[in-house]
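Since this is a predicted model, take the numbers as computed values, not measurements. A, B, ... follow the sequence lines: proteins, then strands. Residue 1 opens every chain.
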Number of protein chains: 2
Amino acid sequence: MTSNTAGGPSRRERMRAETIAEIKASARSQLLQHGPSGISLRAIARDVGVTAAALYRYFDSLDALLMELCCDLYDELIAETRKAMDASPPEAHLERMKAWIWAFREWAVTNRREFELMISFPEDHNAMAMCARAGEAAGLPFDPITAKSMEHAQLCGGELAKFYEETSSQGGGIPPVQLPELSPGLTAELRDRCALFVVGETVPLAWIFSFVSGWVRVFGLVVMEAFGNLPVQEHVDEFYKSQILMMMHDFGIEG
Amino acid sequence: MTSNTAGGPSRRERMRAETIAEIKASARSQLLQHGPSGISLRAIARDVGVTAAALYRYFDSLDALLMELCCDLYDELIAETRKAMDASPPEAHLERMKAWIWAFREWAVTNRREFELMISFPEDHNAMAMCARAGEAAGLPFDPITAKSMEHAQLCGGELAKFYEETSSQGGGIPPVQLPELSPGLTAELRDRCALFVVGETVPLAWIFSFVSGWVRVFGLVVMEAFGNLPVQEHVDEFYKSQILMMMHDFGIEG
DNA sequence: TATTAAAGTGAACACCGTTAGCTAACTAAT
DNA sequence: ATTAGTTAGCTAACGGTGTTCACTTTAATA
């Protein structure tokens with residue numbers, strides 16, 4: 001009757017997916033209310049209307065559930081960021097990069113607890129080891145959460161690469177203000193590491209360096225704000241804008 | 001016999017202090033081994049050789065214990081940083097500020113889990129509320145942990161103020177490279193907030209702005225490295241040095 | 001319809017933080 | 001020196017947690 005002639009997901013699979021979604025939704029609701037450490041497997045079970053033991057049909061452990069939730073949150077952040085970027089046309093690389101920063105901040109601040117879970121996860125518990133093992137099993141070089149984080153950074157890095165391509169092809173390109181002397185070792189590592197972020201082509205070292213510097217700065221801003229450590233607390237928007245301006249200055253762009 | 005004629009701490013008080021130290025040491029050892037969420041009150045009790053209930057003679061709750069531990073860790077960080085700064089003479093403000101950054105990083109990286117506890121604390125659990133209440137009770141405007149964090153930042157901010165004093169008194173002072181236009185509101189807030197950090201006198205707005213920017217950058221660097229998110233992972237020392245160079249450039253200093 | 005795999009249950013285990021009431025030990029004052 | 005009061009420690013218990021195991025129900029399949 002319910003045979004799978006259409007090739008689509010069977011009734012059971014649909015049910016299962018629905019239950020999983022329900023579980024995750026409950027977990028997130030608890031995350032919102034009580035923070036990362038306040039998520040209780042038994043409370044989730046109570047919420048979903050099922051025994052605690054039943055959840056083990058869906059997740060190997062609470063940590064595994066949290067990890068999946070964490071990945072979902074990254075997906076949400078990435079989707080949100082991408083949407084914000086796409087509000088500007090594909091050629092407006094600068095605007096799209098600004099949108100990336102802005103969306104990142106917006107999401108992290110309006111979803112503080114989720115963000116807290118995301119950044120505290122990679123090394124919390126023994127989860128890192130678990131992550132790493134899962135990653136290796138799938139043939140990936142990184143644990144899934146680090147991978148997601150890089151996917152997120154790549155949204156901005158790729159845009160930078162495209163921006164370089166265009167500016168360099170139509171008139172010399174913009175020389176960055178200043179690049180300190182770097183050893184061949186660091187130079188190589190920057191290129192290697194950022195081949196993953198800045199997926200693009202032969203962007204010059206100065207750009208890569210400025211990109212990494214900017215990435216660190218934005219990370220600092222967002223984490224500080226989300227964790228309540230930002231010195232500025234009233235005119236945060238303007239402060240961000242001024243920081244963006246300064247970073248653009250590093251790329252030799254006056255905005 | 002054991003009367004307190006000398007005015008010093010009584011035998012009981014000494015014993016008590018010793019026990020408290022033992023408890024904290026055990027807590028820290030567990031922090032080191034199992035991370036912030038792996039600290040168990042009962043395990044501490046077992047370790048110290050006492051019943052779990054007995055610990056409540058020393059701390060109101062596990063959270064209270066963690067908070068005190070957190071403050072101790074800040075004290076350790078501050079002491080270490082101060083020591084590193086004092087390796088340079090009092091006039092070498094630039095060197096002392098570099099030492100501040102370097103010591104901060106060093107401590108955070110060699111005490112990752114402690115650092116993790118420290119930055120995840122201010123908002124974790126309901127501890128923030130507890131902190132705030134404790135702070136208000138003591139008449140302080142901030143919770144003790146935020147206060148410690150600011151004391152730490154002040155080590156660097158104060159040095160910057162002294163540096164400005166000297167350079168401005170002996171020949172015009174160094175103009176920072178660039179300061180974006182800031183609204184009166186943000187200007188005022190920067191001055192207000194940083195009156196706490198940069199305890200000093202009439203340092204110009206551009207310096208305050210650059211200081212806050214630098215503070216954000218260093219925070220980003222340290223957090224990323226401690227949490228394993230720093231893009232650079234092999235030539236970290238050199239990367240830090242290059243970042244410091246760039247920040248000095250913001251102050252108009254080539255070095 | 002009989003078979004088989006999945007989903008769910010209930011009880012148990014070993015932990016956890018916290019509280020209440022009691023006992024022994026030590027301090028301080030009479 | 002005796003007494004009163006404080007402090008540190010104990011045991012026992014309560015309600016909570018994650019996790020496992022054996023068992024039953026449910027639903028899809030052959």
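In this structure, the CZ atom of Phe59(A) is 15 Å from the C1' atom of dG18(D), given to the nearest Å. Counting to the nearest Å, the P atom of dA7(C) and the CZ atom of Arg14(A) are 14 Å from each other. Rounded to an integer number of Å, the gap from CD of Gln30(B) to P of dC15(C) is 14 Å. In this structure, CG of Leu41(B) is placed 11 Å from P of dT19(C), rounded to the nearest angstrom. Atom P of nucleotide dC16(C) and atom CG of Leu62(A) are separated by 17 Å, given to the nearest angstrom. Atom CG in Asp47(A) sits about 17 Å away from atom C1' in dG16(D), given to the nearest Å. Following rounding to the nearest Å, Arg57(A) (CZ) and dG10(C) (P) show an atom-to-atom distance of 14 Å. When rounded to the nearest whole Å, the span between CD of Glu13(A) and P of dA5(C) equals 16 Å.
Checked against the 6.0 Å centroid threshold, Trp100(B) and Phe104(B) count as a close aromatic pair.
Applying the 4.0 Å criterion to OP1 and OP2 of dG9(D), one finds that Tyr58(B) has a side-chain N or O inside that range. The phosphate of dC10(D) has OP1 or OP2 within less than 4.0 Å of a side-chain N or O from Thr51(B). Of the side-chain N and O atoms in Ser40(A), none sit less than 4.0 angstrom from OP1 or OP2 of dG16(D).
Side chain of Arg193(A) to main chain of Leu190(A): no donor-acceptor pair is present (N/O by atom type, distance under 3.5 Å, no hydrogens or angles). For the pair Gln30(B) (side chain) and Ser40(B) (backbone), a donor-acceptor distance under 3.5 Å is present. A donor-acceptor pair under 3.5 Å is absent between the side-chain atoms of Ser26(A) and the main chain of Glu22(A), judged by distance alone.
Counting non-hydrogen atoms under 4.0 angstrom, Ala54(B) reaches the backbone sugars and phosphates but no base. Using a 4.0 Å heavy-atom distance criterion, Leu55(A) is classed as making no nucleic acid contact.
When the nearest nucleotides of DNA chain C are assigned to Arg46(B) and Arg12(B) by heavy-atom distance, the more 5′-ward of the two goes with Arg46(B). Projected onto DNA chain D by closest heavy-atom contact, Tyr56(A) and Arg16(B) fall at different nucleotides, the more 5' of which corresponds to Arg16(B).
Each of Glu76(A), Glu114(A), Glu80(A) was evaluated against Trp107(A); a single residue qualifies, Glu76(A), per the side-chain hydrogen bond (donor to acceptor under 3.5 Å, both in side chains) test.
Nearest nucleotide to the Ser61(B) side chain, out of dT18(C), dC16(C), dC23(D): dT18(C). Checking dT11(D), dC16(C), dG18(D) against the side-chain heavy atoms of Ala53(B) singles out dT11(D) as nearest.
For Arg42(A) and dG18(D), a side-chain-to-base donor-acceptor distance below 3.5 Å is present, hydrogens and geometry of angles not being considered.
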